[in-house]
2 protein chains.
Amino acid sequence: MSYEYAYPHPAVTVDVVVFTIENDELKVLLIQRDQEPFKGQWAMPGGFVGIDERLSDAAKRELKEETGVSVNFLEQFYTFGRPDRDPRERIITVAYYALLPSDQLSLAAGDDARDAQLFSTDALPALAGDHANIFRVAKQRVTERLNDDYFAFRMLPETFTMYELRRVYELFLGEVLDKRNFRKKIIALDQIEETGEKRESVRHRPARLYRVQR
Amino acid sequence: MSYEYAYPHPAVTVDVVVFTIENDELKVLLIQRDQEPFKGQWAMPGGFVGIDERLSDAAKRELKEETGVSVNFLEQFYTFGRPDRDPRERIITVAYYALLPSDQLSLAAGDDARDAQLFSTDALPALAGDHANIFRVAKQRVTERLNDDYFAFRMLPETFTMYELRRVYELFLGEVLDKRNFRKKIIALDQIEETGEKRESVRHRPARLYRVQR
DNA sequence: GCAAAAGTGTTGCTCATACACCCATGG
DNA sequence: CCATGGGTGTATGAGCAACACTTTTGC
(Lines give C-alpha, C1' and ligand atoms only; values in the text may rest on other atoms or scores of the structure.)
Protein backbone atom coordinates (compact mmCIF):
# COMPACT_ATOMS: atom_id res chain seq x y z
CA MET A 1 0.00 0.00 0.00
CA SER A 2 1.22 3.48 -0.78
CA TYR A 3 -0.15 6.98 -0.72
CA GLU A 4 0.18 9.45 -3.57
CA TYR A 5 0.01 13.22 -3.58
CA ALA A 6 0.23 15.79 -6.37
CA TYR A 7 3.04 17.59 -4.55
CA PRO A 8 5.50 16.52 -1.86
CA HIS A 9 4.28 16.33 1.74
CA PRO A 10 6.41 16.55 4.82
CA ALA A 11 5.98 14.04 7.62
CA VAL A 12 4.52 15.32 10.86
CA THR A 13 5.58 13.99 14.25
CA VAL A 14 4.98 14.90 17.86
CA ASP A 15 7.63 14.83 20.58
CA VAL A 16 6.99 15.02 24.31
CA VAL A 17 9.33 16.47 26.91
CA VAL A 18 8.28 14.85 30.19
CA PHE A 19 9.51 16.62 33.30
CA THR A 20 9.41 15.15 36.76
CA ILE A 21 11.08 15.52 40.14
CA GLU A 22 12.83 12.52 41.65
CA ASN A 23 15.30 12.39 44.52
CA ASP A 24 15.41 16.16 44.71
CA GLU A 25 16.48 16.40 41.09
CA LEU A 26 14.75 17.72 37.98
CA LYS A 27 14.55 14.88 35.49
CA VAL A 28 13.43 14.31 31.95
CA LEU A 29 12.21 11.11 30.36
CA LEU A 30 14.28 9.88 27.41
CA ILE A 31 14.20 6.84 25.20
CA GLN A 32 17.08 5.14 23.51
CA ARG A 33 16.16 4.88 19.85
CA ASP A 34 15.96 1.40 18.41
CA GLN A 35 15.44 2.53 14.82
CA GLU A 36 17.27 4.67 12.33
CA PRO A 37 17.84 7.53 12.19
CA PHE A 38 19.86 8.20 15.32
CA LYS A 39 19.67 4.52 16.32
CA GLY A 40 21.16 3.97 19.74
CA GLN A 41 21.01 7.66 20.66
CA TRP A 42 18.81 9.13 23.37
CA ALA A 43 15.84 11.24 22.36
CA MET A 44 12.51 12.59 23.52
CA PRO A 45 9.70 10.09 23.08
CA GLY A 46 7.54 10.84 20.04
CA GLY A 47 6.56 9.69 16.62
CA PHE A 48 4.34 10.05 13.60
CA VAL A 49 0.86 11.53 13.83
CA GLY A 50 -1.93 9.30 12.55
CA ILE A 51 -3.74 10.73 9.55
CA ASP A 52 -6.98 11.08 11.52
CA GLU A 53 -5.47 11.55 14.93
CA ARG A 54 -5.43 14.71 17.03
CA LEU A 55 -1.96 16.05 17.71
CA SER A 56 -2.36 15.78 21.48
CA ASP A 57 -3.69 12.24 21.17
CA ALA A 58 -0.67 11.30 19.09
CA ALA A 59 1.59 12.74 21.77
CA LYS A 60 -0.12 10.70 24.50
CA ARG A 61 -0.14 7.54 22.39
CA GLU A 62 3.52 7.71 21.40
CA LEU A 63 4.53 8.41 24.96
CA LYS A 64 2.52 5.41 26.14
CA GLU A 65 3.87 3.11 23.42
CA GLU A 66 7.49 4.02 23.88
CA THR A 67 7.74 4.40 27.63
CA GLY A 68 4.59 2.94 29.19
CA VAL A 69 3.81 6.30 30.77
CA SER A 70 0.37 7.96 30.73
CA VAL A 71 0.00 11.68 31.33
CA ASN A 72 -2.96 14.02 31.73
CA PHE A 73 -1.24 17.34 31.64
CA LEU A 74 0.24 18.10 28.26
CA GLU A 75 0.72 21.43 26.52
CA GLN A 76 1.93 22.25 23.05
CA PHE A 77 4.81 24.72 23.13
CA TYR A 78 6.51 25.00 19.74
CA THR A 79 6.77 23.47 16.29
CA PHE A 80 10.21 22.65 14.93
CA GLY A 81 10.48 22.50 11.18
CA ARG A 82 13.94 23.26 9.84
CA PRO A 83 14.27 21.47 6.50
CA ASP A 84 17.49 19.67 7.47
CA ARG A 85 16.47 18.39 10.89
CA ASP A 86 16.04 14.78 9.80
CA PRO A 87 18.21 12.92 7.31
CA ARG A 88 15.41 10.77 5.87
CA GLU A 89 12.77 13.21 4.78
CA ARG A 90 11.33 16.57 5.73
CA ILE A 91 9.89 16.21 9.20
CA ILE A 92 7.91 18.81 11.08
CA THR A 93 7.62 18.17 14.80
CA VAL A 94 4.95 19.61 17.02
CA ALA A 95 6.45 19.56 20.50
CA TYR A 96 4.65 19.18 23.82
CA TYR A 97 5.76 19.25 27.39
CA ALA A 98 4.20 17.17 30.12
CA LEU A 99 4.55 17.35 33.88
CA LEU A 100 4.28 14.18 35.91
CA PRO A 101 4.71 13.14 39.53
CA SER A 102 7.49 10.60 39.71
CA ASP A 103 5.28 8.18 41.65
CA GLN A 104 3.06 7.82 38.57
CA LEU A 105 5.97 6.76 36.51
CA SER A 106 6.56 3.07 35.93
CA LEU A 107 8.74 2.74 32.92
CA ALA A 108 8.54 0.08 30.26
CA ALA A 109 10.47 0.49 27.03
CA GLY A 110 8.33 -0.33 24.01
CA ASP A 111 8.06 0.27 20.25
CA ASP A 112 11.02 1.98 18.65
CA ALA A 113 12.76 2.17 22.00
CA ARG A 114 15.24 -0.27 23.42
CA ASP A 115 15.25 1.56 26.71
CA ALA A 116 13.44 4.37 28.49
CA GLN A 117 14.70 6.12 31.57
CA LEU A 118 14.87 9.33 33.52
CA PHE A 119 17.90 11.56 33.31
CA SER A 120 18.83 14.40 35.56
CA THR A 121 18.65 17.58 33.52
CA ASP A 122 22.10 18.44 34.84
CA ALA A 123 23.61 15.39 33.19
CA LEU A 124 21.87 14.70 29.91
CA PRO A 125 23.47 12.32 27.44
CA ALA A 126 24.09 13.44 23.86
CA LEU A 127 20.68 13.75 22.25
CA ALA A 128 19.56 12.77 18.76
CA GLY A 129 19.22 15.46 16.09
CA ASP A 130 17.91 18.77 17.41
CA HIS A 131 16.48 17.27 20.59
CA ALA A 132 18.89 19.19 22.81
CA ASN A 133 17.33 22.34 21.41
CA ILE A 134 13.78 21.04 21.88
CA PHE A 135 14.62 20.27 25.48
CA ARG A 136 16.08 23.73 26.02
CA VAL A 137 13.03 25.50 24.65
CA ALA A 138 10.70 23.26 26.70
CA LYS A 139 12.52 23.97 29.92
CA GLN A 140 12.49 27.68 29.24
CA ARG A 141 8.74 27.68 28.53
CA VAL A 142 7.89 25.69 31.61
CA THR A 143 10.07 27.99 33.71
CA GLU A 144 8.28 31.05 32.34
CA ARG A 145 4.90 29.53 33.07
CA LEU A 146 5.83 28.42 36.59
CA ASN A 147 5.49 31.99 37.78
CA ASP A 148 2.26 32.69 35.93
CA ASP A 149 0.31 29.51 36.25
CA TYR A 150 1.56 27.83 39.36
CA PHE A 151 1.36 24.33 38.01
CA ALA A 152 4.45 23.15 39.83
CA PHE A 153 2.43 20.71 41.93
CA ARG A 154 1.73 18.71 38.77
CA MET A 155 5.20 17.29 39.26
CA LEU A 156 4.54 16.27 42.85
CA PRO A 157 2.61 13.39 44.40
CA GLU A 158 -0.90 14.03 45.73
CA THR A 159 0.47 15.25 49.03
CA PHE A 160 3.69 17.18 49.40
CA THR A 161 5.54 19.44 51.78
CA MET A 162 6.38 23.11 51.34
CA TYR A 163 9.99 22.13 50.97
CA GLU A 164 9.22 19.81 48.09
CA LEU A 165 7.12 22.43 46.31
CA ARG A 166 9.79 25.03 46.78
CA ARG A 167 12.41 22.69 45.37
CA VAL A 168 10.45 22.43 42.11
CA TYR A 169 10.76 26.19 41.67
CA GLU A 170 14.39 26.19 42.69
CA LEU A 171 15.30 23.42 40.27
CA PHE A 172 13.71 25.20 37.32
CA LEU A 173 14.89 28.68 38.24
CA GLY A 174 18.37 27.54 39.24
CA GLU A 175 18.41 29.72 42.35
CA VAL A 176 17.52 29.30 46.01
CA LEU A 177 14.34 30.90 47.26
CA ASP A 178 13.64 32.33 50.67
CA LYS A 179 11.69 29.82 52.75
CA ARG A 180 9.44 32.36 54.48
CA ASN A 181 8.70 34.45 51.41
CA PHE A 182 7.95 31.36 49.38
CA ARG A 183 5.47 30.07 51.93
CA LYS A 184 3.71 33.45 52.06
CA LYS A 185 3.43 33.63 48.29
CA ILE A 186 2.07 30.10 47.93
CA ILE A 187 -0.44 30.51 50.76
CA ALA A 188 -1.62 33.78 49.19
CA LEU A 189 -2.42 31.93 45.96
CA ASP A 190 -5.05 29.94 47.83
CA GLN A 191 -4.48 26.91 45.64
CA ILE A 192 -3.37 24.35 48.22
CA GLU A 193 -4.60 23.28 51.64
CA GLU A 194 -3.17 21.39 54.59
CA THR A 195 -4.08 17.73 54.83
CA GLY A 196 -3.58 17.69 58.61
CA GLU A 197 -1.00 14.94 58.18
CA LYS A 198 2.75 15.23 58.52
CA ARG A 199 5.65 13.65 56.71
CA GLU A 200 6.83 11.14 59.36
CA SER A 201 9.99 9.12 59.74
CA VAL A 202 12.38 11.76 58.61
CA ARG A 203 15.43 12.55 60.66
CA HIS A 204 14.28 16.06 61.46
CA ARG A 205 11.09 17.83 62.54
CA PRO A 206 8.15 16.42 60.53
CA ALA A 207 6.78 18.73 57.83
CA ARG A 208 3.08 19.42 57.21
CA LEU A 209 1.60 17.85 54.12
CA TYR A 210 -0.44 19.85 51.64
CA ARG A 211 -2.68 18.96 48.73
CA VAL A 212 -4.16 20.89 45.81
CA GLN A 213 -7.57 22.33 46.68
CA ARG A 214 -10.87 20.99 45.28
CA MET B 1 4.38 14.13 -11.40
CA SER B 2 3.28 12.63 -8.13
CA TYR B 3 4.81 11.79 -4.81
CA GLU B 4 4.44 8.46 -3.03
CA TYR B 5 4.81 7.56 0.60
CA ALA B 6 4.54 4.27 2.47
CA TYR B 7 1.95 5.76 4.83
CA PRO B 8 -0.37 8.77 4.58
CA HIS B 9 1.10 12.23 5.15
CA PRO B 10 -0.81 15.30 6.21
CA ALA B 11 -0.32 18.58 4.39
CA VAL B 12 1.42 21.36 6.28
CA THR B 13 0.52 25.00 5.84
CA VAL B 14 1.40 28.28 7.50
CA ASP B 15 -1.05 31.09 8.24
CA VAL B 16 -0.15 34.62 9.23
CA VAL B 17 -2.22 36.93 11.39
CA VAL B 18 -1.05 40.45 10.50
CA PHE B 19 -1.98 43.14 13.02
CA THR B 20 -1.72 46.84 12.37
CA ILE B 21 -3.14 50.11 13.65
CA GLU B 22 -4.95 52.38 11.21
CA ASN B 23 -7.23 55.32 11.95
CA ASP B 24 -7.11 54.64 15.65
CA GLU B 25 -8.40 51.09 15.14
CA LEU B 26 -6.80 47.68 15.56
CA LYS B 27 -6.94 45.93 12.21
CA VAL B 28 -6.09 42.55 10.78
CA LEU B 29 -5.17 41.69 7.20
CA LEU B 30 -7.50 39.22 5.48
CA ILE B 31 -7.74 37.78 2.02
CA GLN B 32 -10.82 36.69 0.18
CA ARG B 33 -10.16 33.15 -0.98
CA ASP B 34 -10.26 32.54 -4.71
CA GLN B 35 -9.90 28.76 -4.45
CA GLU B 36 -11.78 25.94 -2.82
CA PRO B 37 -12.20 25.17 -0.03
CA PHE B 38 -13.96 28.16 1.48
CA LYS B 39 -13.91 29.96 -1.88
CA GLY B 40 -15.22 33.50 -1.53
CA GLN B 41 -14.78 33.54 2.25
CA TRP B 42 -12.34 35.71 4.14
CA ALA B 43 -9.31 34.09 5.76
CA MET B 44 -5.83 34.72 7.10
CA PRO B 45 -3.21 34.73 4.35
CA GLY B 46 -1.23 31.48 4.23
CA GLY B 47 -0.53 28.36 2.27
CA PHE B 48 1.49 25.24 1.78
CA VAL B 49 5.06 24.92 3.01
CA GLY B 50 7.62 24.05 0.37
CA ILE B 51 9.29 20.69 0.94
CA ASP B 52 12.67 22.36 1.48
CA GLU B 53 11.45 25.64 2.83
CA ARG B 54 11.72 26.95 6.38
CA LEU B 55 8.40 27.49 8.08
CA SER B 56 9.02 31.19 8.66
CA ASP B 57 10.13 31.65 5.05
CA ALA B 58 6.94 30.00 3.88
CA ALA B 59 4.94 32.40 6.05
CA LYS B 60 6.72 35.43 4.56
CA ARG B 61 6.41 34.11 1.02
CA GLU B 62 2.70 33.32 1.23
CA LEU B 63 1.97 36.68 2.77
CA LYS B 64 3.87 38.41 0.00
CA GLU B 65 2.22 36.37 -2.74
CA GLU B 66 -1.31 36.78 -1.50
CA THR B 67 -1.27 40.35 -0.28
CA GLY B 68 1.89 42.06 -1.57
CA VAL B 69 2.96 42.77 2.01
CA SER B 70 6.48 42.17 3.37
CA VAL B 71 7.10 41.86 7.08
CA ASN B 72 10.21 41.54 9.21
CA PHE B 73 8.69 40.78 12.55
CA LEU B 74 7.03 37.39 12.62
CA GLU B 75 6.61 34.95 15.48
CA GLN B 76 5.23 31.46 15.60
CA PHE B 77 2.49 31.12 18.22
CA TYR B 78 0.59 27.85 17.83
CA THR B 79 0.01 24.86 15.57
CA PHE B 80 -3.55 23.93 14.72
CA GLY B 81 -4.11 20.34 13.70
CA ARG B 82 -7.60 19.04 14.39
CA PRO B 83 -8.26 16.24 11.93
CA ASP B 84 -11.49 17.77 10.61
CA ARG B 85 -10.34 21.33 10.07
CA ASP B 86 -10.16 21.07 6.30
CA PRO B 87 -12.59 19.18 4.08
CA ARG B 88 -10.01 18.15 1.46
CA GLU B 89 -7.33 16.38 3.41
CA ARG B 90 -5.63 16.46 6.78
CA ILE B 91 -4.00 19.84 7.13
CA ILE B 92 -1.76 20.95 9.94
CA THR B 93 -1.25 24.68 10.15
CA VAL B 94 1.64 26.37 11.87
CA ALA B 95 0.39 29.85 12.73
CA TYR B 96 2.39 33.07 12.98
CA TYR B 97 1.53 36.58 13.95
CA ALA B 98 3.14 39.63 12.42
CA LEU B 99 3.06 43.27 13.51
CA LEU B 100 3.28 45.96 10.86
CA PRO B 101 3.02 49.75 10.72
CA SER B 102 0.09 50.66 8.49
CA ASP B 103 2.29 52.98 6.42
CA GLN B 104 4.29 49.96 5.22
CA LEU B 105 1.19 48.34 3.93
CA SER B 106 0.35 48.68 0.27
CA LEU B 107 -2.02 45.92 -0.59
CA ALA B 108 -2.15 43.95 -3.80
CA ALA B 109 -4.26 40.83 -4.01
CA GLY B 110 -2.39 37.98 -5.64
CA ASP B 111 -2.32 34.19 -5.96
CA ASP B 112 -5.27 32.38 -4.45
CA ALA B 113 -6.79 35.68 -3.36
CA ARG B 114 -9.31 37.75 -5.22
CA ASP B 115 -8.99 40.53 -2.69
CA ALA B 116 -6.90 41.51 0.32
CA GLN B 117 -7.87 44.15 2.83
CA LEU B 118 -7.71 45.32 6.39
CA PHE B 119 -10.63 44.76 8.72
CA SER B 120 -11.23 46.33 12.07
CA THR B 121 -11.00 43.59 14.69
CA ASP B 122 -14.30 44.86 16.06
CA ALA B 123 -16.10 44.05 12.83
CA LEU B 124 -14.62 40.94 11.29
CA PRO B 125 -16.51 39.16 8.53
CA ALA B 126 -17.31 35.46 8.82
CA LEU B 127 -14.00 33.65 8.51
CA ALA B 128 -13.17 30.41 6.68
CA GLY B 129 -12.86 27.18 8.66
CA ASP B 130 -11.30 27.63 12.08
CA HIS B 131 -9.73 30.99 11.26
CA ALA B 132 -11.87 32.84 13.79
CA ASN B 133 -10.24 30.66 16.41
CA ILE B 134 -6.75 31.23 15.00
CA PHE B 135 -7.38 34.96 15.14
CA ARG B 136 -8.61 34.77 18.73
CA VAL B 137 -5.55 32.86 19.91
CA ALA B 138 -3.22 35.23 18.05
CA LYS B 139 -4.77 38.32 19.60
CA GLN B 140 -4.56 36.78 23.04
CA ARG B 141 -0.88 35.88 22.61
CA VAL B 142 0.07 39.31 21.31
CA THR B 143 -1.81 40.93 24.19
CA GLU B 144 0.07 38.79 26.72
CA ARG B 145 3.39 39.66 25.14
CA LEU B 146 2.66 43.39 24.97
CA ASN B 147 3.32 43.70 28.66
CA ASP B 148 6.44 41.56 28.66
CA ASP B 149 8.19 42.50 25.49
CA TYR B 150 7.08 46.01 24.68
CA PHE B 151 6.94 45.48 20.95
CA ALA B 152 3.90 47.72 20.48
CA PHE B 153 5.92 50.20 18.44
CA ARG B 154 6.27 47.58 15.72
CA MET B 155 2.73 48.56 14.72
CA LEU B 156 3.57 52.26 14.50
CA PRO B 157 5.43 54.35 11.90
CA GLU B 158 9.03 55.32 12.54
CA THR B 159 7.98 58.32 14.62
CA PHE B 160 4.93 58.38 16.81
CA THR B 161 3.38 60.23 19.70
CA MET B 162 2.78 58.98 23.23
CA TYR B 163 -0.92 59.05 22.49
CA GLU B 164 -0.50 56.75 19.50
CA LEU B 165 1.65 54.32 21.46
CA ARG B 166 -0.81 54.30 24.32
CA ARG B 167 -3.67 53.61 21.92
CA VAL B 168 -1.95 50.40 20.78
CA TYR B 169 -2.05 49.11 24.34
CA GLU B 170 -5.59 50.29 24.85
CA LEU B 171 -6.85 48.64 21.69
CA PHE B 172 -5.36 45.26 22.63
CA LEU B 173 -6.24 45.41 26.29
CA GLY B 174 -9.71 46.83 25.71
CA GLU B 175 -9.39 49.36 28.52
CA VAL B 176 -8.28 52.95 28.88
CA LEU B 177 -4.90 53.64 30.48
CA ASP B 178 -3.87 56.57 32.60
CA LYS B 179 -1.94 59.10 30.49
CA ARG B 180 0.57 60.05 33.18
CA ASN B 181 1.24 56.55 34.45
CA PHE B 182 1.64 55.26 30.91
CA ARG B 183 4.19 57.91 30.04
CA LYS B 184 6.19 57.19 33.19
CA LYS B 185 6.22 53.45 32.50
CA ILE B 186 7.33 53.84 28.88
CA ILE B 187 10.04 56.38 29.72
CA ALA B 188 11.34 54.04 32.44
CA LEU B 189 11.76 51.28 29.86
CA ASP B 190 14.38 53.42 28.13
CA GLN B 191 13.44 52.02 24.74
CA ILE B 192 12.35 55.18 22.94
CA GLU B 193 13.73 58.70 22.58
CA GLU B 194 12.38 62.08 21.53
CA THR B 195 13.06 63.12 17.95
CA GLY B 196 12.82 66.81 18.82
CA GLU B 197 10.04 67.20 16.28
CA LYS B 198 6.35 67.65 16.94
CA ARG B 199 3.22 66.41 15.24
CA GLU B 200 2.06 69.64 13.53
CA SER B 201 -1.20 70.68 11.89
CA VAL B 202 -3.50 69.11 14.39
CA ARG B 203 -6.30 71.15 15.87
CA HIS B 204 -4.89 70.98 19.37
CA ARG B 205 -1.54 71.37 21.08
CA PRO B 206 1.17 69.59 19.03
CA ALA B 207 2.52 66.36 20.52
CA ARG B 208 6.21 65.43 20.72
CA LEU B 209 7.38 62.71 18.38
CA TYR B 210 9.37 59.71 19.58
CA ARG B 211 11.32 56.97 17.85
CA VAL B 212 12.73 53.62 18.96
CA GLN B 213 16.29 53.94 20.28
CA ARG B 214 19.35 52.72 18.34
C1' DG C 1 -13.18 81.78 22.86
C1' DC C 2 -13.88 77.13 22.46
C1' DA C 3 -12.81 72.43 21.48
C1' DA C 4 -9.37 69.00 21.76
C1' DA C 5 -5.55 66.61 23.10
C1' DA C 6 -0.71 67.56 25.40
C1' DG C 7 1.76 67.69 29.26
C1' DT C 8 2.94 67.48 34.22
C1' DG C 9 3.72 65.40 40.30
C1' DT C 10 2.36 63.64 44.45
C1' DT C 11 0.41 60.36 47.53
C1' DG C 12 -0.98 55.98 49.23
C1' DC C 13 -0.97 51.20 48.82
C1' DT C 14 0.49 46.73 47.61
C1' DC C 15 3.86 43.58 46.96
C1' DA C 16 8.46 41.74 46.86
C1' DT C 17 12.57 41.25 49.34
C1' DA C 18 15.79 40.82 53.03
C1' DC C 19 16.76 38.79 57.14
C1' DA C 20 17.62 35.19 62.23
C1' DC C 21 16.17 32.31 65.57
C1' DC C 22 14.02 28.38 67.97
C1' DC C 23 11.63 23.63 67.21
C1' DA C 24 11.00 18.63 66.56
C1' DT C 25 12.76 14.52 65.21
C1' DG C 26 16.17 10.46 64.09
C1' DG C 27 20.35 8.61 64.69
C1' DC D 1 23.85 15.95 71.63
C1' DC D 2 24.13 16.82 67.01
C1' DA D 3 22.55 17.21 62.35
C1' DT D 4 18.75 18.32 59.54
C1' DG D 5 15.16 20.62 57.74
C1' DG D 6 10.49 22.89 59.84
C1' DG D 7 8.36 26.78 61.06
C1' DT D 8 7.62 31.78 62.16
C1' DG D 9 7.30 37.98 61.67
C1' DT D 10 8.86 42.46 60.59
C1' DA D 11 10.84 46.32 58.25
C1' DT D 12 12.18 48.50 54.03
C1' DG D 13 11.93 49.88 49.28
C1' DA D 14 10.05 49.60 44.58
C1' DG D 15 6.59 49.92 41.64
C1' DC D 16 1.75 50.66 40.46
C1' DA D 17 -2.69 53.10 40.75
C1' DA D 18 -5.38 57.02 41.61
C1' DC D 19 -6.10 61.59 40.69
C1' DA D 20 -6.85 67.50 38.29
C1' DC D 21 -5.31 71.33 36.24
C1' DT D 22 -2.81 74.30 32.88
C1' DT D 23 -0.97 74.66 27.98
C1' DT D 24 -0.99 74.98 23.03
C1' DT D 25 -2.92 74.84 18.84
C1' DG D 26 -6.77 75.06 14.88
C1' DC D 27 -10.98 76.63 13.76
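Sequence lines set the chain letters: A, B, ... in the order given, protein chains first and strands last, and positions in each chain run from 1.
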Q.
Please classify the nucleic acid contact of A:Lys185 as base, sugar-phosphate, or nothing, using heavy-atom distances under 4.0 Å.
A. nothing
Q.
Please pick, from C:dC23, D:dT4, C:dA6, the nucleotide with the shortest atom-to-atom distance to any side-chain atom of B:Ala207.
A. C:dA6
(Q) Does this structure show an ion pair linking A:Arg167 with A:Asp24, if we count only N-O contacts that are shorter than 4.0 Å? (A) yes
Q | Distance test, side-chain N/O of B:Arg208 to OP1/OP2 of C:dT8, below 4.0 Å | A | yes
Q) In whole angstrom, what separates B:Leu177's CG from D:dC16's P? A) 13 Å
Q: Grab the CG-C1' distance between A:Asn181 and D:dT8 for me, whole Å please.
A: 12 Å
Q | A:Ile186 CD1 - D:dG7 P separation (whole Å) | A | 14 Å
Q) What class does the angle between the rings of B:Phe119 and B:Trp42 fall in, given that below 30° is parallel, 30 to 60° is tilted and above 60° is perpendicular? A) perpendicular
Q. Mapping B:Glu164 and A:Ser201 onto DNA chain C by nearest heavy atom, which one lands closer to the 5' end?
A. B:Glu164
Q. In whole angstrom, what separates A:Arg205's CZ from D:dA3's C1'?
A. 16 Å
(Q) Is it true that B:Thr159 and B:Arg199 share a donor-acceptor pair across their side chains at a distance under 3.5 Å? (A) no
Q) Taking atom P of D:dG15 as reference, at what distance in whole Å does atom CG of B:Asp190 sit? A) 14 Å
Q | Length of the line joining A:Asp24:CG and D:dG5:C1', which is rounded to integer Å | A | 12 Å
Q: Starting from the 5' end of DNA chain D, give me the residue, A:Lys179 or A:Arg203, whose nearest nucleotide shows up first.
A: A:Arg203
**Q.** OP1 or OP2 of D:dG7 under 4.0 Å from side-chain N/O of A:Arg183
**A.** yes
(Q) Less than 4.0 angstrom from a charged side-chain N to a carboxylate O is my criterion; do A:Glu158 and A:Arg211 meet it? (A) no
Q) Does A:Arg180 get its side chain close enough to the base of C:dA20, under 3.5 Å, for a donor-acceptor pair? A) yes
Q. Is the base of C:dA16 touched by the side chain of A:Lys184 through a donor-acceptor pair closer than 3.5 angstrom?
A. no
(Q) Just the rounded figure in Å: distance from P of C:dG7 to CZ of B:Arg199. (A) 11 Å
Q: Identify, between B:Tyr163 and A:Val202, the residue whose nearest nucleotide on DNA chain C lies closer to the 5' end.
A: B:Tyr163
Q | Interatomic distance, B:Asp178 CG vs D:dC19 P [rounded to whole Å] | A | 9 Å
Q. Does a donor on one side chain and an acceptor on the other come within less than 3.5 Å for B:Thr93 and B:Arg85?
A. yes
